[in-house]
J.: 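There's a structure below that I have some questions on.
Numbering starts at 1 and runs along the sequence shown.
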Amino acid sequence: MKVLALYAFLFLTVHMRRVQCSFIANIAHDNCQLMCQNVSSKECPYLLKVPRAETMDACPLLLELSHRSDVDQLEVQIDRFEKKIQSNIQVGLEREEWVETLLEKHEEFEAHMRGVQDSAHKTAVRLQRRNEELEEQKIDFMSEIGRLREKVEKFGRQGCTLDGDEYDYSELLHKSLLFYEAQRSGALPSNNRIAWRGDSALYDSGVKGEDLSGGYYDAGDFLKLGLPAAYASTVLAWGFIEFRDAYEVAGEANYMLDCLRWFTDYFIKCHTSDNELYVHVGLVDADHSYWGRPEDMTMARPAFMVNETHPGSDCVGETAAAMAAASIAFKEHDNDYAELLLDEARSLFHFADTYRGIYSDSVPEAGKVYKSNGYKDELTWAACWLYYATENDEYLEYALRMNSELSRGRPYSFAWNNVLAGVRLLLYRFTGEKVFSQQTKSFMNNWLPGGSIPYTPEGLVFRHEWGSLRYSSSTAFIALVASAYGIRTIPYQSWAKEQIGYILGDTGKSYVVGYGDDPPQRPHHRASSCPLPPQKCGWGIHGYASPDPNPHVLYGAMVGGPDKLDQFADSRSDYMHNEVALDFNAGFQSAIAGLKHFQLNT
């Protein structure tokens, strides 16, 4: 462009010179005529040889001829210069096109080099990550060898196996599903497998008479509680999604889907409009004052909801997660039902996100038993499961944005009141970003030996006195899912197997009713403690105060667990250590499924 501008300037300069020369010639000619009119021919140097009579004619003619000769020569030069300029302009245009072509090639080369550099950087990052993984695996192998040597020294002479496969995981899946069937409320199905249970709470209803029958009783009582039930449903579905082969080999896949459907059918009933969800059925004090069969209940059982003016984003968000997770579980089996669950999940998520608040603030009755302290983890959890079910990037973007607002520290546990450990593990599954695997490792490092959480003398990681096994089993499940996602595969599997082994009887005592050596016989559980009708049941010797084992075996129920010194009293009155609950068995059963899965795929 600069070359063109220069040539244009030269062209204009020459052109102006030409005009100026013509103008000067005209002026000279006119002046000569004027002089010839006022002076004699003798005084005119140009007309000395011209007769006077011809002066007026000859003078302008000669001047014009003389002027034209100079001008013609100048025009010839100008024409030549113009042609040269035009030629140079053409050359300049060609050179400019050539330069532009070179610039384009240069930009293409730079773009190519940037791509090469990016590819090289990504390759270097992958190699570094792989080296780190290999180094971790080396450490893990050495740690595993150390553990195996310790087990050889401790159990070798007693004939114990080293891999923990002395436990029948298929039987445990079967029995844990029986526990959930024993917790059913409402009209029982024709394939009911719990002979000592019958229809109950058929008239549970909402404030406008909505049918709220069905669902599960929470624990050893007869309350129906939304938050822990939704958490249990989500964790059970997650274990089924990740370790489905375990259920199929055990012959329990259809029973597992029935278990999930009993949850989700009830949640659909509770979702009475777009921005309404019933989250609690029963009065805590009245329920806990009653010891007897659920089939014989006569006390009032009011229902409590959250809505636009009394929000409950934690419970609603957890229910949305449960619906989305269940939709994945049902997709291959019943796609129409899966789509229905997904529609419910979307609606619930929108409700939870739009009208924010803590459910136990809106429903104080719920706070008497399961008081919540936040809802952002449940909203993020729900978005994760909706992304898992739909692959809609909007849900993933929401989850990543919400996760950035959550604490970056290690969560207390993975349980009904905090699902952050699960959120981070799912985000790692979706994105592969190292930050989420590091956060999972940080959480697990706190639970493994050497972390800040203490162990009992017999090897149970001990997080809390109330329901100690709930925490160890749910964390064992997180460890197994992390292992399935490629995070510290060997140590996490080994640690989970040890913790579940403690529950199943590694110490000589089982904490699962109806399974293994010396299992609990008197769990804090009303229904199983009551004899068959017509014998009455209550707080006396035919029920709560009976010194005998419960008349009915609550197969598969994992009790709360021992204290920090491994002490456990099989007492019906000790609800802190000997009660059962929906959320207790959720992590436990999904961990069993994980162990069965790795047993099948080793």
J.: Would you call the rings of Tyr471 and His464 parallel, tilted or perpendicular, where under 30° means parallel and over 60° means perpendicular?
T.: tilted
J.: If I compare all heavy atoms of Asn550 with all of Ser528, which pair ends up nearest, and what's the gap?
T.: ND2-OG, 3.0 Å
J.: Judged by atom type as modelled, is there a donor-acceptor pair below 3.5 Å linking the side chain of Ser327 to the main-chain atoms of Ala324?
T.: yes
J.: Please report whether the ring centroid of Trp262 lies less than 6.0 Å from that of Tyr180.
T.: no
J.: Between Phe263 and Tyr216, how do the two ring planes meet: parallel, tilted or perpendicular, split at 30° and 60°?
T.: tilted
J.: Please determine whether side chain to side chain contact (heavy atoms under 4.5 Å, CB included) holds for the pair Val481 and Phe243, giving the CA-CA distance in whole Å, both sets of side-chain angles, and the decisive distance to 0.1 Å.
T.: CA-CA 9 Å; Val481 175; Phe243 309 125; 4.2 Å; yes
J.: Locate the shortest heavy-atom distance separating Ser483 from Gln493; write the atom from each residue and the value.
T.: OG-NE2, 2.9 Å
J.: Can you name the closest pair of heavy atoms from Glu318 and Glu378 and give their distance?
T.: OE1-CG, 3.9 Å
J.: Would a 4.5 Å heavy-atom cut-off, applied to side chains only, mark Tyr255 and Leu173 as touching?
T.: no
J.: May I ask you to decide if Leu225's main-chain N or O and His280's side chain share a donor-acceptor pair within less than 3.5 Å?
T.: no
J.: For Asn601, what residues pass the side-chain contact (heavy atoms from CB on, under 4.5 Å) criterion, not counting sequence neighbours?
T.: Asp245, His597
J.: For Arg410 and Asn445: C-alpha separation, side-chain torsions, deciding distance, then whether side chain to side chain donor-acceptor pair (under 3.5 Å) applies.
T.: CA-CA 10 Å; Arg410 291 182 293 206; Asn445 287 344; over 6 Å; no
J.: Looking only at atom types and distance, does a side-chain atom of Thr319 sit under 3.5 Å from a main-chain N or O of Cys315, one as donor and one as acceptor?
T.: yes
J.: May I ask you to check whether Phe443 and Phe414 place their ring centres under 6.0 Å from each other?
T.: no
J.: Compute whether any side-chain donor of one residue and acceptor of the other, for Lys564 and Ser468, lie under 3.5 angstrom apart.
T.: no
J.: Check whether the side chains of Gln599 and Lys596 place a donor and an acceptor atom closer than 3.5 Å, and report yes or no.
T.: yes
J.: Do side-chain atoms of Ser372 reach the backbone of Ser360 as a donor and acceptor pair under 3.5 angstrom?
T.: no
J.: Does the structure place the NZ or CZ of Arg463 under 6.0 Å from the centre of the six-membered ring of Trp447, at an angle of no more than 45° from the ring's axis?
T.: yes
J.: Tell me, please, which residues at least two apart from Ala382 pass side-chain contact (heavy atoms from CB on, under 4.5 Å).
T.: Ala320, Ala321, Phe349
J.: Okay, side chain of Ser473, backbone of Arg470: is any donor-acceptor separation there less than 3.5 Å?
T.: yes
J.: Considering non-hydrogen atoms only, spot the tightest contact between Leu236 and Gln589 and give its length.
T.: CD2-NE2, 3.6 Å
J.: Under the 3.5 angstrom rule, does the side chain of Ser200 hit a backbone N or O of Glu295 as a donor-acceptor pair?
T.: no
J.: Which class fits the ring pair Trp291 and Trp539: parallel under 30°, tilted 30 to 60°, perpendicular over 60°?
T.: tilted
J.: Can you establish whether the number of heavy atoms outside Glu332 located under 6.0 Å from its atom CD is more than 12?
T.: no
J.: Okay, side chain of His552, backbone of Cys530: is any donor-acceptor separation there less than 3.5 Å?
T.: yes
J.: Walk me through whether Thr440 and Tyr485 qualify under side chain to side chain donor-acceptor pair (under 3.5 Å).
T.: CA-CA 11 Å; Thr440 297; Tyr485 292 172; over 6 Å; no
J.: For the pair Asp296 and Lys536, find out whether any cationic side-chain nitrogen is under 4.0 Å from an anionic carboxylate oxygen.
T.: no
J.: Examine Lys175 relative to Phe179 and say whether NZ or CZ is less than 6.0 Å from the centre of the six-membered ring and inside a 45° cone about the ring axis.
T.: no
J.: Give the intermediate values and the outcome of side chain to side chain contact (heavy atoms under 4.5 Å, CB included) for residues Ser176 and Ile592.
T.: CA-CA 10 Å; Ser176 183; Ile592 292 293; over 6 Å; no
J.: Would a distance-only check, ignoring hydrogens and angles, find a side-chain to backbone donor-acceptor pair under 3.5 Å from Gln499 to Val461?
T.: yes
J.: Distance alone, cut at 3.5 Å: any donor-acceptor contact between the side chains of Tyr388 and Arg429?
T.: yes
J.: Sort out for me which residue in Tyr231, Tyr359, Tyr370 forms a ring-ring contact (aromatic ring centres under 6.0 Å, His included) with Trp416.
T.: Tyr370
J.: Quick one: pull up CG in Leu420 and CG in Leu425 and give me the separation to the nearest 0.5 Å.
T.: 11.0 Å
J.: For the side chain of Asp570 and the backbone of Gln521, is there at least one donor-acceptor N/O pair under 3.5 Å apart?
T.: yes
J.: Is there a side-chain contact between Arg522 and Pro549, using heavy atoms and a 4.5 Å cut-off?
T.: yes
J.: Whether the Ser185 and Tyr266 side chains hold a donor-acceptor pair (N or O, under 3.5 Å, no angle test) is what I'd like checked.
T.: no
J.: Between the main-chain N or O of Ala229 and the side-chain N or O of Ser233, is there a donor-acceptor pair closer than 3.5 Å?
T.: no
J.: Show your working on side chain to side chain contact (heavy atoms under 4.5 Å, CB included) between Phe304 and Leu283 and close with a plain yes or no.
T.: CA-CA 10 Å; Phe304 303 86; Leu283 294 171; 4.0 Å; yes
J.: What closest approach, in Å, do Phe222 and Arg301 show between heavy atoms, and which atom pair accounts for it?
T.: O-NH1, 2.9 Å
J.: Can you tell me how the ring of Tyr247 sits relative to the ring of Phe240, calling it parallel under 30°, perpendicular over 60° and tilted otherwise?
T.: perpendicular
J.: Which pair of heavy atoms, one from Ser529 and one from Pro551, lies closest together, and at what distance?
T.: O-CD, 3.2 Å
J.: Apply side chain to side chain donor-acceptor pair (under 3.5 Å) to Asp506 and Tyr167, showing your working.
T.: CA-CA 10 Å; Asp506 278 359; Tyr167 299 116; 2.5 Å; yes
J.: Hey, mind stepping through Asn446 and Tyr412 against side chain to side chain contact (heavy atoms under 4.5 Å, CB included) and telling me if it holds?
T.: CA-CA 10 Å; Asn446 206 33; Tyr412 181 82; over 6 Å; no
